[in-house]
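What follows is one structure encoded as structure tokens, with my remarks underneath.
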Amino acid sequence: MLKTYKYRLYPTKKQIAKLEETIETCRLVYNSALSDRREYYRETGKSLSRIKQQENLKNYKKDRPFLQEIHSQVLQNVLFRVEKAFDNFFRRIKEKKGKPGYPRFKGKDRYDSFTYPQQGGFQITQHGLKLSKIGTIKIKMHRSIPITIKTCTIKREIDRWYASFVVDYVFVDQPVQQSPIGIDVGINAFAVLSNGDIIDNPKYLTKSEKQLVKKQRRVSRKKTGSENRRKARIALAKQHRKIRNQRSDFHHKLSRSLANLYNPIIVESLNIKGMVKNHHLAKSISDAGWGQFLSYLTCKAEEAGSRIEKVAPRYTSINCSNCGSPVPKTLSERIHKCPFCNIVLDRDHNAAINILQKSTVGTTEIHAWGDLISTLSPKT
Ligand SMILES: [Zn+2]
């Protein structure tokens with residue numbers, strides 16, 4: 001499986017100028033390669049191959065020194081991008097799905113990255129990310145990366161720079177441990193585990209969300225079309241990005257630690273889109289970003305050699321996890337209080353145990369979990 005690792009870059013002003021220049025040159029090459037293909041097709045009815053375009057590029061370079069400023073493989077990668085755009089176009093024609101959309105010229109705000117397709121053009125050193133023809137840029141390696149990097153893409157996002165490395169990932173074959181766990185989507189908390197652990201949304205995220213509301217208000221208070229409104233909107237966009245990044249970071253860390261501790265991990269096969277339509281749940285679910293978390297968790301479990309099992313969500317919040325009797329409750333009832341066996345549990349904890357018990361491994365664990373619950377229950 002190909003996996004992407006993304007890191008923030010901290011280029012100096014001089015380096016930013018160089019990065020901007022590289023993107024701009026790549027954009028020009030992209031547009032002229034696209035135009036060459038269009039013309040060639042108009043004249044001959046055939047498509048111009050990438051190999052032919054590479055030869056042309058070599059010839060252009062001779063008397064255009066600004067092209068020599070760019071690493072040759074970075075330029076070649078631009079031709080790959082053009083080829084891909086045409087391949088996608090022809091595929092859409094074949095599939096006859098809607099308008100095929102002829103490949104377009106890229107405007108200044110539509111081109112924001114360039115790629116080193118092979119090691120050699122780039123190198124991670126102890127001083128930073130060394131880019132051929134650009135220099136060594138400070139990079140924040142917040143997590144380690146396998147040695148076998150395939151490609152390196154430098155990307156601009158509003159006012160920030162990032163490096164994305166694509167790595168061919170090899171999975172661990174053997175699961176490390178056998179310790180099953182059920183996870184329930186929390187309504188108050190982010191999630192509740194079948195062992196009773198409650199995972200709250202981190203405080204810094206809640207703080208940032210309060211900031212978001214403030215900044216949203218600020219935008220609506222400014223006059224439409226004014227410079228101040230534009231500034232407030234940029235501040236709002238940055239706040240949104242901050243939350244996105246914080247949430248994604250939280251999801252990464254949590255899914256990593258769950259995948260390392262438990263196997264298999266049992267979750268409900270939730271129809272997230274369907275749930276978001278239900279306005280009671282909509283806010284908490286969209287905010288918590290369950291879809292993203294589950295996809296991270298699936299990926300990390302695979303890496304750790306553990307397994308994700310999805311079970312049908314039917315009755316998991318209604319049934320009693322201790323005696324199996326149905327105990328209907330409204331969404332606002334936070335406690336599961338069983339009138340049949342007298343057990344008292346947090347409703348999400350009860351659901352998490354049900355989820356675990358629904359799995360193929362869960363049945364053998366019922367007794368153990370039942371013992372645990374009765375020690376928690378004040379009435380038994
Ligand atoms: Zn019961």
Side-chain angles (χ1 to χ4, degrees), residues 177-201 254-255 257-259 261-288 290-291 293-294 297-298 301 306-380:
Q177 70 298 101
Q178 286 289 334
S179 164
I181 196 100
I183 307 179
D184 183 50
V185 180
I187 294 176
N188 288 340
F190 177 77
V192 179
L193 308 187
S194 54
N195 64 5
D197 282 355
I198 294 168
I199 297 155
D200 278 317
N201 273 307
L254 178 61
S255 55
S257 61
L258 287 172
L261 279 173
Y262 301 108
N263 179 38
I265 298 165
I266 299 109
V267 294
E268 285 181 318
S269 54
L270 293 176
N271 172 2
I272 289 166
K273 271 188 195 147
M275 286 178 82
V276 173
K277 274 184 200 146
N278 175 338
H279 65 276
H280 278 301
L281 283 175
K283 194 181 160 9
S284 52
I285 287 172
S286 314
D287 280 0
W290 257 89
F293 172 71
L294 284 184
L297 185 63
T298 309
S306 56
R307 196 163 53 82
I308 297 275
E309 200 179 311
K310 288 188 178 168
V311 296
R314 244 178 145 198
Y315 305 128
T316 48
S317 57
I318 292 171
N319 286 354
C320 175
S321 59
N322 193 43
C323 70
S325 317
V327 185
K329 38 185 118 43
T330 63
L331 259 179
S332 57
E333 281 176 68
R334 305 304 317 146
I335 301 294
H336 166 81
K337 200 170 169 185
C338 179
F340 304 96
C341 70
N342 291 329
I343 197 167
V344 180
L345 277 172
D346 173 84
R347 70 171 283 150
D348 294 334
H349 184 193
N350 178 62
I353 299 169
N354 279 331
I355 290 167
L356 174 70
Q357 289 176 354
K358 274 195 165 196
S359 81
T360 49
V361 291
T363 43
T364 58
E365 301 287 323
I366 291 177
H367 191 69
W369 291 118
D371 286 348
L372 178 74
I373 302 153
S374 48
T375 59
L376 294 172
S377 167
K379 283 195 180 171
T380 47

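Indexing begins at 1, ligand by ligand and atom by atom, following the structure's order. Only a predicted model underlies this, so the values are computations on that prediction, with no experimental measurement involved.
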Point-to-point distance, once rounded to the nearest 0.5 Å, from CD1 of Ile181 to CD1 of Ile265: 8.5 Å
Lys329 (side chain) donor-acceptor with His336 (main chain) under 3.5 angstrom: no
Pairwise side-chain contact, Ile353 with Gln357, heavy-atom cut-off 4.5 Å (strictly under): yes
Minimum side-chain heavy-atom gap Glu268-Asp184 below 4.5 Å: yes
Greater than 12 external heavy atoms within 6.0 Å of Tyr315's OH: no
Residue and atom names of protein N/O/S atoms that fall under 2.8 Å from the Zn ion (ligand 1): Cys320 SG, Cys323 SG, Cys338 SG, Cys341 SG
pair Ile183-Leu258: side-chain heavy atoms closer than 4.5 Å: yes
